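The first residue in the sequence is number 1, and the count goes up from there. These numbers were taken from a predicted model, which means no experiment stands behind them. Both counts, for ligands and for their atoms, begin at 1 and track the order of listing. What's counted below: heavy atoms across the whole structure, side chains too, no hydrogens, waters or symmetry copies.
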Amino acid sequence: MEEGKRAAHAMLFPFPCSGHINPTLKLAELLHSRGVHVTFVNTDHNHQRLRRPRGREGFRFESVADGLDGADRVAPDRTVRLYLSLRKTCKAPLLDLARRLGKREGVPPVTCVVISGLVSFALAVADDLRVPSFVLWGTSAVGFVCTLRLRQLRQRGYTPLKDETYLTNGYLDTPIDWIAGMPTVRLGDVSSFVRTLDPTSFALRVEEEEANSCARAQGLILNTFHDLEADVLDALGDEFPRVYTIGPLAAAMHRRVDHHVASGLSLWEEDAACMAWLDARPEPPGSVLYVSFGSLAVLSPGQLAEFAWGLAASERPFLWVVRPGLVGGDRGMDALPEDFLAATKGRSFIAEWCAQEQVLRHRAVGGFLTHSGWNSTTESIWAGVPMICAPGFADQYINCRYACGEWGIGLRLDEELRREQVAAHVEELMGGGKKAQDMRRNAAEWKARAEAATEPGGSAYENLDKLVEELRVEGSNSSAAVKFATVTNGRR
Ligand code: UDP
């Protein structure tokens with residue numbers, strides 16, 4: 001495509017962790033497929049770790065320093081340090097990068113800035129460039145609304161909790177029935193951040209502030225589709241007039257982007273052998289349980305043991321991702337209980353990391369034991385795979401609540417993990433009883449609706465086109481784009 005046609009130039013900057021990088025990269029690919037010039041900005045640290053990903057025509061990778069030192073990177077609170085450091089040090093390098101990009105031969109000036117959640121400081125970069133900004137908030141619509149409402153929950157005295165007993169005395173079951181567009185939910189399901197005793201809780205304030213600051217952007221982009229969350233999206237529209245639901249991003253990518261050229265940015269190496277193991281499973285299709293807790297969750301050795309012995313007791317085949325760092329103390333596979341591998345030999349595969357979308361869409365896989373992260377949930381919905389949900393952080397509780405209650409595709413594990421319940425839920429999901437049949441039927445229906453949303457004429461498909469149109473209009477109105485148009489016209 002001629003550079004002149006790419007006059008809209010989006011600079012994308014995600015918070016530097018997998019759960020933000022993956023969806024932002026998909027959005028970048030989708031924008032590029034629609035003729036938008038794209039610059040995807042990683043941190044220098046991830047850029048090295050990803051072995052300097054190579055771009056292609058109209059799609060470049062750049063990087064900026066995150067300001068962390070070696071000690072910060074291994075500190076238990078490294079994510080907090082990263083957040084603070086980016087906020088303090090990263091605006092100037094991003095601004096400088098955007099300005100330098102605009103001076104390069106054949107590169108249109110940056111005409112909009114697209115960020116993920118948790119990097120709202122970068123909205124000021126767009127302001128300084130006098131170009132519009134968009135936020136791809138990486139949760140469900142309901143997850144976003146719940147995060148916005150943390151402010152009211154705090155102001156109305158629901159949180160912080162009075163003392164430790166409130167975590168277990170039933171207080172978290174308090175019904176919350178006043179959030180527009182949502183059914184009555186438990187206080188504990190609104191967000192993990194309500195579970196604090198600290199009136200100055202850093203995480204609570206950050207989440208609340210980051211979500212509310214999305215109002216400063218021109219538009220909000222969500223990895224969901226209208227049918228899935230119609231009520232809450234309709235209510236959200238009163239507060240956020242420009243919401244673009246363009247998901248599931250994995251489905252949209254699959255439909256609109258050529259996989260041979262698209263970039264992948266996995267922070268861990270994907271184990272190809274697990275795909276061969278799935279290919280070779282002798283059981284009927286849908287017999288394997290896939291188990292993964294995403295890129296950030298940290299289990300205690302005790303929780304790991306409950307999962308492990310529950311899986312062992314279920315006697316069903318399973319593929320389990322045990323990434324380095326999944327277990328406290330930076331441990332991974334080495335923390336699995338002794339004898340566990342021997343006890344599940346012949347029906348288990350343990351991988352450090354895998355190509356999750358492919359795994360979920362593999363015909364051998366019929367269930368997903370998940371932490372209910374939003375990317376994982378949407379990937380499971382798109383694959384039509386029902387879930388066992390073990391939420392533990394942020395929006396995972398409300399995702400689980402919707403998967404089990406609203407969409408009928410999930411079974412929830414109690415907060416206090418017990419191996420007997422893990423085994424019973426695995427049996428219930430994989431065993432083919434009435435409940436499992438209902439969940440499979442619902443999952444197949446949501447899969448079909450996700451497909452329909454992302455095909456031509458579908459809501460997500462149309463919304464992506466609207467977003468691109470918006471970028472072009474906004475782009476052509478911005479001073480940078482006008483300058484670029486003049487320059488390219490002059491050259492012709
Ligand atoms: N993922 C992956 N391979 C794995 C485990 C996870 O590619 O072995 C990907 C998964 O497909 C998803 C992301 O990591 O896109 C996890 O995001 P999610 O929002 O589910 O959870 P988070 O990591 O943010 O807690």
For ligand 1, indicate whether the residue [X] contacts it via side chain, backbone, both or neither (heavy-atom separation under 4.0 Å).
X    : result
S295 : both
W374 : backbone
V321 : side chain

Could you tell me whether [X] and [Y] make a salt bridge, using a distance below 4.0 angstrom between a side-chain N and a carboxylate O?
X    : Y    : value
K435 : E428 : no
R151 : E208 : yes
R205 : E210 : no
D44  : R49  : no
R34  : D465 : yes
E379 : R361 : no

task: Under 4.0 Å from a heavy atom of G294: give me the atoms of ligand 1 that qualify, with their elements.
output: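 Near G294, the atoms of ligand 1 are 23 (O).
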- request: Just jot down the ligand 1 atoms closer than 4.0 angstrom to any heavy atom of G19, in number order.
  value: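 Answer, ordered by atom number: 24 (O).
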- prompt: Do R87 and E209 pass the salt bridge (Lys or Arg N to Asp or Glu O under 4.0 Å) test, and can you show the C-alpha distance, the side-chain angles, and the key distance before you say yes or no?
  reply: CA-CA 13 Å; R87 198 165 142 147; E209 189 188 314; 3.5 Å; yes
field: Geometric cation-pi criterion R186 and Y397, 6.0 Å radius, 45° cone
entry: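 Verdict for Y397: no cation-pi partner in R186.
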- prompt: Any side-chain heavy atom of L148 sitting closer than 4.5 Å to one from E239?
  reply: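 Side-chain contact under 4.5 Å: yes.
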Any idea which protein heavy atom is nearest [atom], and the distance to it?
atom                    : answer
atom 21 (O) of ligand 1 : H371 NE2, 2.9 Å
atom 15 (O) of ligand 1 : E379 OE2, 2.7 Å
atom 3 (N) of ligand 1  : C354 O, 2.6 Å
atom 1 (N) of ligand 1  : W353 CZ2, 3.2 Å
atom 19 (O) of ligand 1 : N375 ND2, 2.9 Å

query: Of all the heavy atoms in E357, does at least one lie under 4.0 Å from an atom in ligand 1?
result: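 Judged by the 4.0 Å heavy-atom criterion, E357 does not count as contacting ligand 1.
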message: So for S292, does at least one of its heavy atoms come nearer than 4.0 angstrom to any atom of ligand 1?
response: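 Under 4.0 Å: yes for S292.
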message: For the 3.5 Å polar cut-off, considering only N or O atoms, please tell me whether S376 and ligand 1 meet it.
response: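 By distance alone, the answer is yes.
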message: On a heavy-atom basis, I'd like to know which of L319, T139, I21, N22 is closest to atom 13 (C) of ligand 1.
response: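 It is N22 whose heavy atom sits nearest to atom 13 (C) of ligand 1.
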